[in-house]
Amino acid sequence: MSHYEILGVPGNATAEEIKKAFRRLAMETHPDQNAGNTLKAEQFKKINEAYTLLGDQEKRAAYDLTLQGNSATEPPAAPPPQAPEANESSPETHTVHAQGEAFGIGLLAVLGLVGLAAFAIYKVIEGIARGNPDWRNNKMIENKIVTDLVPKKAMPVLKNKLRGYLSHSSRFYVGATANPALRAQQHAEEGWTRMVLLYEAYSPEIARSMEQELIDFALRANSKAVVENIHSGGGGLTSESRSNFLYILCER
């Protein structure tokens, strides 16, 4: 099933139509609205993955190329059977058939390579857009992102991680941002040297809610670390953000 089919939109849907379909389906399948429903949770995950790709113009263009390549590599339908001609068994006829089969196999191989090349281009673009090399190459930023968990199930894991970091820190900060590299630069100017990414939320609203819950948890924890923020800030989060990172700053 394609990402378009998951969101229930045609391949030529506009960006606004895709966004509306995503928001409607996300509300219907969100785990917070369907507690204990594993089917809805799986649907929510697929819907989020589909919108992450189709909501980005570059990723969508590469994905469309992949779909075209895959359809091009499908074998053609078999022709209807025909009555044998009088000279079917002649050597000339066998030679023509052999040449035709060789040409068909070669054409399918070429089309298959085109499809694979398109898919490779798509993966490269997706990796660049999602990987954000600006922050992955930043020595101040550590990638400890919890994956494959919806927010409700991820929260206990994140709190357990916070407990460990708090026990070895003297200063502590919980934040959320759509641009880790820029945020790290701003924090570095404030004297911080270590930024740890913990989770990537699909919407700014969820990121802010999780940020505040983690701040409250850190403030209530029995720790010697000084938690330097009380309310969620969401630095750099906007309504258009599709990658919203929860992070902590910690200093020994």
Side-chain angles (χ1 to χ4, degrees), residues 1-71 115-116 118-136 143-158 176-180 197-211 236-247:
M1 179 178 290
S2 72
H3 290 311
Y4 290 105
E5 292 170 328
I6 290 174
L7 294 180
V9 296
N12 60 351
T14 64
E16 186 62 27
E17 289 172 338
I18 291 174
K19 182 185 292 186
K20 287 181 179 179
F22 164 71
R23 288 179 175 175
R24 175 176 56 81
L25 292 172
M27 290 180 64
E28 293 175 359
T29 60
H30 197 285
D32 290 345
Q33 306 295 329
N34 301 276
N37 190 328
T38 56
L39 178 60
K40 290 290 186 182
E42 184 63 25
Q43 290 176 341
F44 177 78
K45 180 180 177 182
K46 291 181 179 179
I47 290 166
N48 186 32
E49 291 175 350
Y51 181 68
T52 298
L53 190 146
L54 297 181
D56 185 286
Q57 291 184 354
E58 292 185 356
K59 294 181 184 180
R60 181 181 179 185
Y63 178 68
D64 289 343
L65 283 176
T66 304
L67 291 181
Q68 294 174 10
N70 289 341
S71 62
L116 289 174
F119 181 74
I121 293 172
Y122 154 68
K123 295 303 289 184
V124 169
I125 293 175
E126 181 187 40
I128 292 174
R130 186 173 178 81
N132 194 344
D134 287 342
W135 70 258
R136 289 190 180 277
N143 181 1
K144 301 294 183 180
I145 297 175
V146 174
T147 59
D148 299 328
L149 287 177
V150 296
K152 189 173 183 179
K153 292 185 177 180
M155 191 55 70
V157 179
L158 297 178
T177 183
N179 192 329
L197 301 184
L198 296 179
Y199 190 75
E200 183 178 1
Y202 84 94
S203 76
E205 292 76 18
I206 289 179
R208 289 191 182 95
S209 175
M210 295 178 72
E211 177 190 12
L237 294 179
T238 68
S239 59
E240 300 301 319
S241 299
R242 285 181 291 273
S243 292
N244 309 277
F245 298 91
L246 287 167
Y247 67 91

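Residue indices begin at 1 and follow the sequence shown.
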Novice: Under a 4.5 Å cut-off applied to non-hydrogen side-chain atoms, are Ile47 and Glu28 in contact?
Specialist: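 Of all side-chain heavy-atom pairs linking Glu28 with Ile47, none is under 4.5 Å.
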
Novice: Decide yes or no for Lys40 and Gln43: does some side-chain heavy atom of the first lie under 4.5 Å from some side-chain heavy atom of the second?
Specialist: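 Touching, per the 4.5 Å side-chain cut-off.
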
Novice: Taking the side chain as every heavy atom from C-beta outward, state whether Met210 and Ile206 have any pair of such atoms under 4.5 Å apart.
Specialist: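 Yes - at least one pair of side-chain heavy atoms lies under 4.5 Å apart.
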
Novice: Do any N or O atoms from the side chain of Tyr63 and from the backbone of His3 form a donor-acceptor pair under 3.5 angstrom?
Specialist: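 Yes: the side chain of Tyr63 pairs with the backbone of His3.
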
Novice: Locate the shortest heavy-atom distance separating Leu158 from Val146; write the atom from each residue and the value.
Specialist: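 What the structure gives for the nearest pair is CD2-CG2, 3.7 Å.
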
Novice: Between Asn12 and Arg60, which heavy-atom pair has the shortest distance, and what is it?
Specialist: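 What the structure gives for the nearest pair is C-NH2, 4.0 Å.
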
Novice: Has the side chain of Glu17 got a donor or acceptor atom that lies under 3.5 Å from a matching backbone atom of Thr14?
Specialist: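 Present.
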
Novice: For residues Ala178 and Asn244, report the shortest heavy-atom separation together with the two atoms involved.
Specialist: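 Minimum heavy-atom contact is CB-OD1, 4.5 Å.
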
Novice: Could you measure the distance from the CG atom of Leu53 to the CD atom of Glu58? Nearest 0.5 Å is fine.
Specialist: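 Between atom CG of Leu53 and atom CD of Glu58 there are 11.5 Å.
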
Novice: How close do Ala176 and Tyr247 get, heavy atom to heavy atom, and via which atoms?
Specialist: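 Minimum heavy-atom separation between Ala176 and Tyr247: N-CE2, 3.3 Å.
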
Novice: Got a second to check how far Leu54's CG is from Ser2's OG, nearest 0.5 Å?
Specialist: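 Output value for this atom pair is 8.0 Å.
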
Novice: Can you confirm whether Leu197 sits close enough to Leu246 that some side-chain heavy atom of one is under 4.5 Å from a side-chain heavy atom of the other?
Specialist: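 Side-chain contact under 4.5 Å: no.
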
Novice: Is there a donor-acceptor contact under 3.5 Å from the side chain of Tyr199 to the main chain of Met155?
Specialist: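 Here the side-chain-to-backbone pair does not exist.
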
Novice: Using the rule given for side-chain contact (heavy atoms from CB on, under 4.5 Å), can you reason through Asp64 versus Tyr4, listing the C-alpha separation, both sets of side-chain angles and the distance that settles it, and then say yes or no?
Specialist: CA-CA 10 Å; Asp64 289 343; Tyr4 290 105; 2.7 Å; yes

Novice: Ignoring hydrogens and angles, state whether a donor on the side chain of Ser243 or Glu200 is under 3.5 Å from an acceptor on the partner side chain.
Specialist: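 Yes, side-chain donor-acceptor contact under 3.5 Å.
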
Novice: Is the shortest heavy-atom distance from the side chain of Ile145 to the side chain of Leu198 under 4.5 Å?
Specialist: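 The answer is no, as the side chains (C-beta and beyond) never meet within the 4.5 Å cut-off.
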
Novice: Keeping the roles fixed (side chain from Asn48, backbone from Ala50), state whether a donor-acceptor pair exists under 3.5 Å.
Specialist: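 No.
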
Novice: Check the orientation of Phe22 and Tyr202. Use parallel for under 30°, tilted for 30 to 60°, and perpendicular for over 60°.
Specialist: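 Answer is perpendicular, since the angle exceeds 60°.
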
